[in-house]
Amino acid sequence: MLRPFPLLVVLTGCGVAAGPAASDDTVARPGPDLDTEVGDTPADTRPTGSPDTAAPDTDPLRAPAQLVVGPEVVCAQPQARAERPFDPWTPEGAFAAQDVDTAARPLFSGGGVAVADLDGDGDLDLFRTSARAGFAWFDLGTDPPADRTAELPDLPSGTAGVVAVDVEGDGDLDLHVTAFGAPDRLYRNDGGTFVDVAVALGLAGPADGLSLGAAWADADGDGDLDAFVGAYGPLGPPFDATADGEPSHLYLQQADGTFTDAVADLPADHPLRVAFTYQGAFVELDGDPTPELYAVNDFGPIHPSVAWDLVDGQPVARPASGLESALAGMGLGLGDLGRDGVEDLVVPAVQQVGVYVSLRSGFFESAAILGVRVPSGGARELAWGAELADLDSDGDLDLLVPFGQLHESGGIFANAPRQPDALWVQHEGFFTDAAEAWGLDHRGIGRGVVVVDLDGDGWLDLVQQDLVGPTRVQRARCGAAAWLGVRPRQAGANPFAVGTRVVVVDGEDRWLRTVRAGGTSYASAGPPEVVVGLGDRDAVERVEIHWPDGTMDAFDDVPTRRWLEVRR
């Protein structure tokens with residue numbers, strides 16, 4: 001177990017100054033086979049003290065933000081990473097015996113997985129969906145993980161996606177669970193007691209809805225969080241791709257905490273009402289504080305994946321920009337590959353992975369040029385979740401994509417049901433498939449993936465959902481490279497600061513990360529924090545926090561290999 005390390009450093013706009021010692025209310029994350037240390041003390045300290053020193057205020061009409069810097073986290077055995085970058089974590093007990101029905105034909109349900117600290121104890125929790133019964137909550141703060149599923153109300157069979165998000169702004173993460181063939185659930189967290197309030201709040205959707213991926217952000221600029229839920233369509237038989245899918249949902253939160261569905265008032269033939277949508281995300285494309293909506297659709301030639309401007313929360317057709325994807329898209333990855341301050345998009349699809357890179361004139365589909373290829377007739381056929389993340393902390397984003405057939409007995413494609421996952425590692429703008437070399441080419445029926453630092457060592461671990469096996473955890477071996485972890489927090493209706501854009505600046509280099517609540521991968525979600533790989537830098541010139549309301553705080557001369565918490 002990791003022990004709290006009571007040291008704080010408080011950054012001001014002019015540099016680094018020693019701060020007060022932390023109280024006992026520090027945040028520590030456990031991890032199996034600990035290999036990080038601070039001096040002689042293992043460290044994953046995420047302080048929650050309240051320093052008096054403030055950062056420079058970029059908006060004189062509001063109080064300045066404060067930055068708390070945790071202790072340096074030193075990798076004890078960086079040379080071990082060269083031998084093998086990841087170790088599979090296979091604890092015994094309930095985690096190994098997850099209820100997975102291999103006889104089910106789940107298709108799309110059962111593909112989502114989420115990682116977040118639901119109970120506020122500082123340890124991360126894991127939530128997995130299931131094609132039938134078997135939605136599970138595992139506490140990763142114990143080894144082996146404790147099964148806490150019984151603490152949740154009964155869940156429907158056919159759960160599809162899951163996001164941990166603070167819907168009402170009380171500081172507790174709630175649990176939003178989408179269902180395929182049943183109403184969605186919103187389990188409100190009342191200090192550790194969970195109550196389903198989806199119907200009362202207007203978030204349940206149809207009684208036999210076909211919901212898949214969900215995403216949360218402030219879509220209408222009023223300060224509280226709204227939600228997009230992608231919905232698929234009837235499966236037949238007979239199945240007809242030219243038929244209308246089920247309407248997706250754009251739930252806008254009202255002043256009383258209930259939600260209205262902006263899609264419900266759209267014309268009957270509107271794309272958000274008739275497309276077969278797997279996943280949607282709120283993504284900033286034009287530089288204003290209000291995000292745009294990108295919906296990933298199946299049957300791209302009929303229902304292309306497109307971006308929508310949100311004007312007062314209402315979707316408005318966005319001028320053609322090169323993001324109109326005709327792929328049979330299934331998931332979504334987001335990240336600033338070109339480091340131009342605009343996130344690029346990855347659309348995993350049938351027999352292809354599309355990479356849409358931002359240019360001055362719009363977006364350009366450049367997967368083949370970058371080296372992201374899915375050979376025709378190869379072992380890989382259906383790509384699902386995708387994540388852009390820096391898995392080797394060299395400063396470049398890498399691309400992880402799970403593959404797998406529709407179900408265990410196969411599907412409409414000739415290749416094997418269990419297909420190897422792909423990992424494309426970036427070096428100087430080009431990608432090389434390194435899944436086999438890194439031991440990440442698992443053959444399964446892959447769906448969602450969460451890239452997250454489980455143990456606080458600054459190196460990103462992998463949590464992957466498989467339709468016919470237990471959720472897989474691959475724990476990264478730490479290395480010598482530098483990194484920063486950032487957790488923005490604020491008062492008000494969005495305390496976990498979902499939608500915050502963290503920009504790290506060092507000389508000519510800039511790195512962008514966004515704090516999200518769902519929206520990427522496939523029906524999956526991570527915690528409200530970001531990790532930035534920084535190569536060999538011991539400090540960076542500046543860290544900028546671009547808050548969801550459009551204001552910004554900046555902190556200079558920030559040391560690396562630490563966790564930061566920004567509060568306002």
Side-chain angles (χ1 to χ4, degrees), residues 107-109 111-112 160-161 178 180 205 209-215 219 227-236 239-250 261-264 266-283 285 291-310 315-334 344-356 363 365 367 374 381-386 401 406 411-413 447-448 518-524:
L107 298 178
F108 311 130
S109 58
T178 60
F180 199 79
L210 302 176
S211 299
L212 293 174
F228 178 80
V229 177
Y232 201 74
L235 298 176
F239 179 71
D240 182 5
T242 65
D244 289 347
E246 182 175 296
S248 294
H249 309 282
L250 179 56
D261 187 359
V263 173
L266 298 176
D269 61 349
H270 192 281
L272 290 175
R273 291 183 62 87
V274 300
F276 290 70
T277 303
Y278 280 109
Q279 182 67 61
F282 296 104
V283 55
L285 298 175
E292 285 66 56
L293 171 65
Y294 192 76
V296 178
N297 300 327
D298 202 353
F299 314 114
I302 303 171
H303 305 291
S305 302
V306 294
W308 299 90
D309 286 320
L310 297 176
V316 177
R318 185 174 177 80
S321 63
L323 281 177
E324 300 74 30
S325 173
L327 301 179
M330 297 175 205
L332 183 64
L334 295 170
D344 308 297
L345 288 79
V346 175
V347 178
V350 175
Q351 301 172 323
Q352 194 170 348
V353 174
V355 182
Y356 298 86
F363 284 80
E365 209 292 304
V374 180
E381 192 84 15
L382 279 75
W384 295 89
V401 180
L406 296 178
I412 61 175
F413 302 96
R447 290 296 191 264
T520 60
S521 187
Y522 173 85
S524 300

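Note that these values count all heavy atoms, side chains included, but never hydrogens, waters or copies made by symmetry. We count residues from 1, following the sequence as given.
To the nearest 0.5 Å, atom CG of residue Asp261 and atom CZ of residue Phe228 are 9.5 Å apart. Atom OG of residue Ser211 and atom NE2 of residue His249 lie 5.0 Å apart, to the nearest 0.5 angstrom. The structure places OG of Ser248 at 7.5 Å from CG of Asn297, a figure rounded to the nearest 0.5 Å. Distance check: Gln279 CD to Ser524 OG gives 8.0 Å after rounding to the nearest 0.5 Å. Rounding to the nearest 0.5 Å gives a distance of 4.5 Å between CG of Leu327 and CD of Gln352. Atoms CZ and CG, from Arg318 and Leu293 in turn, are 11.5 Å apart once rounded to the nearest 0.5 Å.
Ala215 approaches Gly519 most closely through the heavy-atom pair CB-CA, 3.5 Å. Of all heavy-atom pairs between Leu332 and Val347, the closest is CD1-CG2, 4.3 Å. Closest non-hydrogen pair, Thr242 versus Ile302, comes out as CG2-CD1, 4.0 Å. Here the closest non-hydrogen pair linking Ala160 and Ala523 is O-CB, 3.5 Å.
Residues Trp308 and Pro271 meet the side-chain proximity criterion, which asks for heavy atoms closer than 4.5 Å. Between Pro315 and Leu310 there is a side-chain heavy-atom pair separated by less than 4.5 Å. The shortest side-chain heavy-atom distance between Ser325 and Tyr294 falls under the 4.5 Å cut-off. By the 4.5 Å heavy-atom criterion applied to side chains, Val346 and Val353 are counted as neighbours. Annotation: side chain of Asp344 is not in contact with side chain of Tyr356 (no heavy-atom distance under 4.5 Å).
Checked by atom type and distance alone, the side chain of Thr520 never pairs as donor or acceptor with a backbone atom of Gly333 at under 3.5 Å. At least one donor-acceptor pair under 3.5 Å links the side chain of Glu292 to the backbone N or O of Leu285. In terms of modelled atom types and a separation under 3.5 Å, the side chain of Glu324 and the main chain of Gly322 share a donor-acceptor contact. Checked by atom type and distance alone, the side chain of Arg447 never pairs as donor or acceptor with a backbone atom of Trp384 at under 3.5 Å.
Not counting sequence neighbours, the partners of Glu246 by the side chain to side chain contact (heavy atoms under 4.5 Å, CB included) test are Pro206, Leu210, Ala231.
Screening Val283, Leu345, Val306 for a side chain to side chain contact (heavy atoms under 4.5 Å, CB included) involving Leu323 leaves a single residue, Leu345. Considering Leu382, Asp298, Val296 as possible partners of Met330, the one that fulfils the side chain to side chain contact (heavy atoms under 4.5 Å, CB included) test is Leu382.
Taking the six-membered ring where tryptophan is involved, the planes of Tyr278 and Tyr232 are tilted, since the angle between them lies from 30° to 60°.
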